Amino acid sequence: MPDKPSYLGLLNSISLAESAAHCYLTAWAEVTSHDGVRQTLLHVAAREGEHGMSFAKRINELGYQLKKKDDGNLDKILGLVRSDRSDLEKMDALKFEQFDNGEPTDVFDKFFADHTIDIQTGELLGRYIAEERDSGRKLRACYEQVKREAGRSSSASPAIAALESKVDSLCRAVEDLRQVVCAQTMAPAGG
Ligand SMILES: [Fe+2]
C-alpha cells in the first residue's frame, strides 16, 4: 500500500469546516428577512456544501475515510445565526471584517507548500481556494452593504471607530468648558 498522503489531515479539516459552514449559512438564510443577505448566504452555502462533499469524496478516492470530530463550536454558531440578533450583529460576531481585508497573504497561501500533493487533489484545492477567495469578496461586499443600510460608516475600522468616539467625547468636554468659562465671564463682577 502506498504511503499515507501527508495532506490527508488538510483535506479532512477542509471537508469538516466547509460542511459546518454550509450548515450554519443555510440556517441563517432561513431566518433573515433581507433578500440580498439571503442571496449571498445561499450562494456561499452552496459552495461550502459542495466543498465539504468533494473533499470527503477525494479522501475516499485516496483510500481513506473522512474522520468526523465533535464540533461544539457549530452548535454555538447555529445558536447565534438562529437568534433574533440583526444580520449586522451576526456578521460582527462572526468577524466578517476578516474577509477581503486587503492583507497581502491569507491562510490558503500555505496550502501548496506541500510539494507531494497529487494532480487531482491539487486541481480540487486550486478551485477551492479561488472559490473561497471569491466567497470572501462576496461576504465582504454584503457586510459593507448591511453596514451602509444601518448607517454605519463602511470605512471605519474598529480602531478608527474608537478614535472617533474619543474625539466626540473630547469635543463635548471642550464645549462644556466653553460654557463654564462663558458663564463666569458673564457673571456680575464683585458678586
Ligand atoms: Fe469555506
Side-chain angles (χ1 to χ4, degrees), residues 5-101 103 105-112 114 117 120-147 149-150 152 158:
S6 49
Y7 42 89
L8 216 50
L10 175 68
L11 306 186
N12 205 87
S13 307
I14 293 174
S15 179
L16 295 180
E18 295 297 293
S19 295
H22 170 261
C23 181
Y24 68 74
L25 292 175
T26 307
W28 183 354
E30 281 166 7
V31 297
T32 183
S33 57
H34 191 300
D35 289 342
V37 171
R38 185 183 316 105
Q39 171 66 18
T40 302
L41 292 175
L42 290 177
H43 187 99
V44 176
R47 287 177 173 175
E48 305 288 62
E50 191 270 336
H51 294 158
M53 295 294 284
S54 293
F55 280 91
K57 175 178 161 223
R58 187 69 198 132
I59 291 168
N60 181 271
E61 286 166 351
L62 290 166
Y64 299 85
Q65 294 299 328
L66 180 72
K67 277 192 192 154
K68 300 208 172 161
K69 289 178 193 154
D70 274 343
D71 189 358
N73 201 35
L74 176 59
D75 291 337
K76 255 198 265 174
I77 298 177
L78 280 172
L80 168 77
V81 299
R82 288 176 173 147
S83 74
D84 55 7
R85 291 168 80 176
S86 70
D87 286 325
L88 185 52
E89 287 172 323
K90 293 172 188 176
M91 289 173 179
D92 283 335
L94 291 171
K95 301 197 177 357
F96 268 40
E97 81 270 0
Q98 74 190 315
F99 296 120
D100 194 27
N101 59 7
E103 291 289 326
T105 59
D106 63 21
V107 65
F108 307 114
D109 284 332
K110 294 191 185 123
F111 282 22
F112 282 100
D114 185 339
I117 292 174
Q120 210 177 328
T121 302
E123 204 171 25
L124 176 62
L125 273 171
R127 173 172 69 81
Y128 160 73
I129 291 171
E131 286 186 347
E132 286 294 295
R133 287 179 177 147
D134 185 69
S135 295
R137 286 189 288 273
K138 286 187 161 58
L139 292 170
R140 181 64 189 232
C142 182
Y143 180 46
E144 295 300 334
Q145 174 67 28
V146 170
K147 277 200 292 185
E149 289 170 8
R152 202 200 284 176

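Here the structure is a predicted model, which is why all the values come from computation and not from measurement. Counting from 1, the numbers follow the sequence of the chain as shown.
Considering all non-hydrogen atoms of both residues, A45 and T26 come closest at CB-OG1, 3.7 Å. Nearest heavy atom pair, residue G126 against residue F112, reads N-CZ, 3.9 Å. When all heavy atoms of L74 and A20 are compared, the closest pair comes out as CD1-O, 3.7 Å. Taking every heavy atom of both residues into account, A29 and L41 meet most closely at N-CD1, 3.8 Å.
A distance of 13.0 Å separates CD1 in I117 from CD in E123, rounded to the nearest 0.5 Å. In this structure, T40 OG1 and D87 CG are separated by 10.5 Å, a value rounded to the nearest 0.5 Å. For the atom pair NZ (K110) and CG (L10), the distance works out to 12.0 Å, reported to the nearest 0.5 Å. For the atom pair CD1 (I129) and CG (L124), the distance works out to 10.0 Å, reported to the nearest 0.5 Å. In this structure, OG in S86 is found 7.5 Å from CG in D92, a value given to the nearest 0.5 Å.
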Fill in: I14/L125 under side-chain contact (heavy atoms from CB on, under 4.5 Å): CA gap, chis, key distance, verdict
CA-CA 10 Å; I14 293 174; L125 273 171; 3.7 Å; yes
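In terms of the salt bridge (Lys or Arg N to Asp or Glu O under 4.0 Å) criterion, D70 has no residue partners (sequence neighbours excluded). Under the rule for a side chain to side chain contact (heavy atoms under 4.5 Å, CB included), the partners of A93 that lie at least two apart in sequence or sit in another chain are L80, R85. A search for side chain to side chain contact (heavy atoms under 4.5 Å, CB included) contacts involving L16 returns N12, L66, K69, not counting sequence neighbours. Judged as a side chain to side chain donor-acceptor pair (under 3.5 Å), and not counting sequence neighbours, the contacts of T121 are R58, D118. Partners of Q145 by side chain to side chain contact (heavy atoms under 4.5 Å, CB included), not counting sequence neighbours, listed by chain and number: R148, E149. Among residues two or more places apart in sequence or in another chain, the salt bridge (Lys or Arg N to Asp or Glu O under 4.0 Å) test is passed with K90 by none. Looking at residues two or more places apart in sequence or on another chain, you find a salt bridge (Lys or Arg N to Asp or Glu O under 4.0 Å) between D109 and R133. Under the rule for a salt bridge (Lys or Arg N to Asp or Glu O under 4.0 Å), D100 has no partner lying at least two apart in sequence or in another chain. Partners of D84 according to the side chain to side chain contact (heavy atoms under 4.5 Å, CB included) rule, which considers only residues two or more places apart in sequence or in another chain, do not exist here.
Using a 4.5 Å heavy-atom cutoff, the side chains of R140 and E97 are in contact. Side-chain atoms of L94 and V81, non-hydrogen and from C-beta on, do get closer than 4.5 Å to each other. Between C142 and M91, the closest side-chain pair of non-hydrogen atoms falls below 4.5 Å.
For the ring pair (Phe, Tyr, Trp, His ring centres under 6.0 Å) condition, the pairs that include at least one residue of residues 24-53, sequence neighbours left out, are W28-F96, H51-Y128. Each salt bridge (Lys or Arg N to Asp or Glu O under 4.0 Å) pair with one or both residues in residues 42-53, not counting sequence neighbours, appears once here: R47-D134, E50-R127. Under the salt bridge (Lys or Arg N to Asp or Glu O under 4.0 Å) criterion, the residue pairs touching residues 14-43 are D35-R38, with sequence neighbours excluded.
At distances below 3.5 Å, not a single donor-acceptor pair connects side-chain atoms of S15 with backbone N or O atoms of L11.
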